[in-house]
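Residue numbering restarts at 1 for every chain, and letters A, B, ... go by the order of the sequence lines.
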Amino acid sequence: MRVPAQILASEGLLDAIIKDRSLNQLVNVATLPGIKKASMVMPDVHEGYGFPIGGVAAMDYPEGVISPGGIGYDINCGVQLLASQLQIKDNRDAVEALSKELHAHVPAGMGKGGTIKLTTEQLDEVLAEGANWAVNHGYGTRESLSYMESHGKLNDADPAFVSTMAKNRGLDQLGTIGSGNHFVEVDFVEKTYNNTIAKTYGLQKGQIVLLIHTGSRGLGHQVATDHIRKMMMAMSHYGINVPDRELTCVPFNSKEGQEYFKAMCAAANFAWCNRQIISWEVKNAWENIFGKEGGDLRLLYDVAHNIAKIEMHTIEGTSRKVIVHRKGATRAFGPGFKELPPEYKGVGQPVIIPGSMGTCSYVLAGTSKSHEMTFGSCCHGAGRRLSRSAAKRQANAPVLKEKLREQGIFVEAGSFRGIAEEAPIAYKDVGSVVDVVSASGIAKKVAKLKPVAVIKG
DNA sequence: ATGTAC
């Protein structure tokens with residue numbers, strides 16, 4: 001190990017953490033060339049490809065390594081939160097119709113294409129421009145870009161390093177959520193914890209909000225597959241040995257490192273464009289149900305939780321440039337961060353933490369403590385405690401769907417398999433996860449969101 | 001997560 005391993009958890013959460021390989025993986029990551037300070041995991045950690053999901057690793061720029069396993073196959077998987085002007089108490093009766101309308105507007109499910117069919121030239125524009133492409137083509141407003149991490153676009157993207165196969169997979173996938181834990185969810189604000197920040201973000205008790213959780217679909221997956229294969233062949237050339245082949249990596253400033261990074265940025269841009277177009281479709285569905293009385297759906301914020309970023313961080317008293325890998329970890333920058341829209345600058349970045357299906361989600365605010373402790377990062381969700389296959393064995397999807405309906409939560413899902421894999425028993429308690437990050441000081445609790453409808457793949 | 005392993 002070149003650096004220590006750092007675990008953020010409570011005693012209760014450790015039980016689930018020690019059952020899988022996530023701590024071995026945490027230790028493995030600590031061996032990677034150029035890693036600074038510590039190999040870190042958040043309380044929602046679980047086993048992933050090479051790196052644990054819920055992990056943060058910062059490498060020296062530009063000699064340290066970049067590793068696709070530290071980002072994940074779903075490049076720029078992330079969450080967007082939309083705030084409405086309606087209260088749940090006045091609109092309970094409309095929820096079922098709204099969930100059906102959302103389902104009709106947002107294709108969900110494995111391999112599902114959408115209504116937008118891009119030409120290869122247009123796809124290259126999307127890869128270079130991110131959410132800007134959506135806005136330039138009538139999907140949303142320009143001011144919404146200020147409310148997205150990195151303004152919905154990474155400038156280092158280069159479509160030339162995205163393979164034809166990856167591009168072909170993406171041609172009809174804009175505006176689709178995919179499967180697994182991806183969803184569109186209707187929630188209401190059950191509770192606020194910090195009234196000043198809640199007010200700054202425009203959140204109040206009883207308000208209806210919407211969450212969109214998806215990423216770069218088959219395109220991002222293919223980018224990861226292609227570059228992992230190339231890196232595996234190149235790694236020995238750079239004299240790098242890793243304890244697990246899934247940790248394949250090359251120096252950031254190497255040919256293969258640069259090609260992967262530029263392709264990863266392009267896939268991240270595809271994901272931001274995707275969430276922006278889904279957001280536009282969600283607004284169409286909303287308008288169809290509520291008409292003009294429905295009011296505006298305002299983009300509160302959009303965060304990435306599977307990404308690598310070049311950032312400045314203070315390490316042993318010195319400010320240095322690092323390659324921060326966040327895999328199942330959300331950026332959580334504190335007050336004063338210049339990228340934030342002016343009205344959020346005093347309170348820190350919104351950190352959006354989706355819980356498991358039918359439980360609840362949280363909005364937090366980044367703090368300066370996160371810069372000291374976790375390279376400006378926080379957890380990203382509840383975190384699995386059961387594998388997909390174990391969840392399928394233990395969950396009874398039809399019964400679960402009916403149970404959630406009795407609790408006032410409509411689930412629109414493409415398959416019972418999807419529901420079983422995402423059953424709440426397959427996940428840790430998101431409240432306990434959020435309490436750990438809140439107690440550690442890396443983020444502040446702002447609001448708790450309760451679902452009333454979930455659209456899944 | 002993913003046209004569910006090349």
Side-chain angles (χ1 to χ4, degrees), chain A residues 20 22 25 44-55 67-79 107-114 117-118 123 162-174 176-184 212-230 232-233 245-246 248 263-264 267-268 270-272 274-275 278 303-308 325-330 354 356-357 380-384 386-393 397 413-423 426-427 455-457:
Chain A
D20 67 14
S22 51
Q25 294 184 327
D44 55 340
V45 61
H46 55 108
E47 188 177 323
Y49 178 86
F51 285 56
I53 296 164
S67 178
I71 288 128
Y73 273 86
D74 189 6
I75 295 165
N76 191 5
C77 185
V79 199
M110 169 85 70
K112 255 290 183 44
K117 316 282 182 203
L118 298 173
L123 182 69
V162 177
S163 71
T164 305
M165 196 194 285
K167 287 179 184 177
N168 286 341
R169 287 179 72 171
L171 288 174
D172 69 344
Q173 290 186 323
L174 278 186
T176 67
I177 56 170
S179 65
N181 63 4
H182 291 167
F183 61 71
V184 173
I212 298 162
H213 181 194
T214 186
S216 52
R217 310 286 286 98
L219 181 142
H221 193 276
Q222 193 63 46
V223 165
T225 303
D226 294 340
H227 287 266
I228 284 170
R229 188 178 300 146
K230 284 183 190 167
M232 277 182 172
M233 293 189 292
R245 68 195 297 273
E246 293 184 353
T248 188
M264 185 220 71
F270 183 83
W272 268 310
N274 187 28
R275 286 199 290 276
I278 292 169
V303 294
H305 55 224
N306 276 7
I307 204 158
H325 295 68
R326 295 194 181 92
K327 184 197 200 171
T330 308
S356 53
M357 180 176 58
H380 85 307
R384 279 197 170 274
L386 295 180
S387 69
R388 290 182 186 280
S389 52
K392 258 184 290 186
R393 283 193 299 272
S415 69
F416 280 126
R417 171 186 153 170
I419 295 180
E421 286 185 359
E422 295 303 317
Y427 282 86
I455 289 88
K456 295 192 71 70

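- The interatomic distance linking Asp172(A) (CG) with dT2(B) (C1') rounds to 14 Å, in whole Å.
- Relative to the side chain of Ser179(A), the nucleotides dT2(B), dT4(B), dC6(B) differ in distance, and dT2(B) lies closest.
- Using bins of under 30°, 30° to 60° and over 60° for the plane-to-plane angle, the ring pair His380(A)/His46(A) lands in the parallel bin.
- Atom C1' of nucleotide dA5(B) and atom CE of Met232(A) are separated by 13 Å, given to the nearest angstrom.
- Among the protein residues, Glu421(A) comes within range of no part of the nucleic acid, since none of its heavy atoms lies under 4.0 Å from any strand.
- As a whole-Å value, the separation of Glu246(A) CD from dA5(B) P is 14 Å.
- Rounding to the nearest 0.5 Å gives a distance of 4.0 Å between CE of Met232(A) and CZ of Arg245(A).
- Of all non-hydrogen atoms in Ser67(A) and Thr248(A), the two that sit nearest each other are OG-O, 2.9 Å.
- As judged by a 4.0 angstrom heavy-atom cut-off over every strand, Gly218(A) is placed among residues touching the sugar-phosphate backbone only.
- Going from atom NZ of Lys327(A) over to atom CG of Asp74(A) covers 11.5 Å, rounded to the nearest 0.5 Å.
- One atom, CZ of Arg217(A), and another, C1' of dT4(B), lie 13 Å apart when rounded to the nearest Å.
- Note: CG (Asp226(A)) to P (dT2(B)) measures 16 Å, nearest angstrom.
- Summarising the geometry, the separation between NZ on Lys112(A) and P on dT4(B) is reported as 16 Å, rounded to the nearest angstrom.
- Per the geometry, CZ belonging to Phe416(A) stands 23 Å off P belonging to dT4(B), to the nearest Å.
- When heavy atoms are screened at a 4.0 angstrom cut-off, Arg384(A) is found touching no nucleic acid atom at all.
- When rounded to the nearest whole Å, the span between CD1 of Ile71(A) and C1' of dT2(B) equals 17 Å.
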